[in-house]
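Contents: one structure, followed by commentary.
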Amino acid sequence: MKLIGPARCAAQLSIFLASIIFPPLSRSQAPIFELSPIESWINFHVKSSVKIAGKFDKWDAALTFTSPDETTGVLEVKIQAASVDTGSG
């Protein structure tokens with residue numbers, strides 16, 4: 001489909017505005033993702049003479065990249081041990 005007149009101008013303007021609003025990642029820009037305790041959780045299960053299972057209520061985590069290359073990703077998790085919840089009261 002070949003755009004002519006006002007339709008072509010509108011398409012070009014849309015592409016131009018998109019390139020300003022959503023600039024491409026350069027090698028110097030690297031994504032950082034923060035994991036939310038509201039949408040995620042950390043559970044554990046221990047098998048021993050008595051099975052123990054639970055979760056941690058307080059923790060922070062971030063997935064950081066030094067470049068857009070996914071092999072540079074580093075996951076850092078900080079768990080507050082005192083927030084352990086085994087459900088045993």
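- Screening Thr66, Thr71, Thr72 for a side-chain hydrogen bond (donor to acceptor under 3.5 Å, both in side chains) with Asp69, the sole residue that qualifies is Thr71.
- Interatomic distance, CZ of Phe56 versus CD of Gln80, reported as 11.0 Å (0.5 Å rounding).
- Linking ILVMFWY residues whenever their side-chain heavy atoms come closer than 4.5 Å, directly or via other members, leaves Val77 and Trp41 in distinct clusters.
- For the residue pair Lys58 and Ser83, the shortest heavy atom distance occurs at N-OG, 3.0 Å.
- In plain terms, the two heavy atoms of Gly87 and Asp85 that are nearest each other are N-OD1, 2.9 Å.
- Annotation: the span from Phe44 atom CZ to Ile79 atom CD1 amounts to 9.5 Å, rounded to 0.5 Å.
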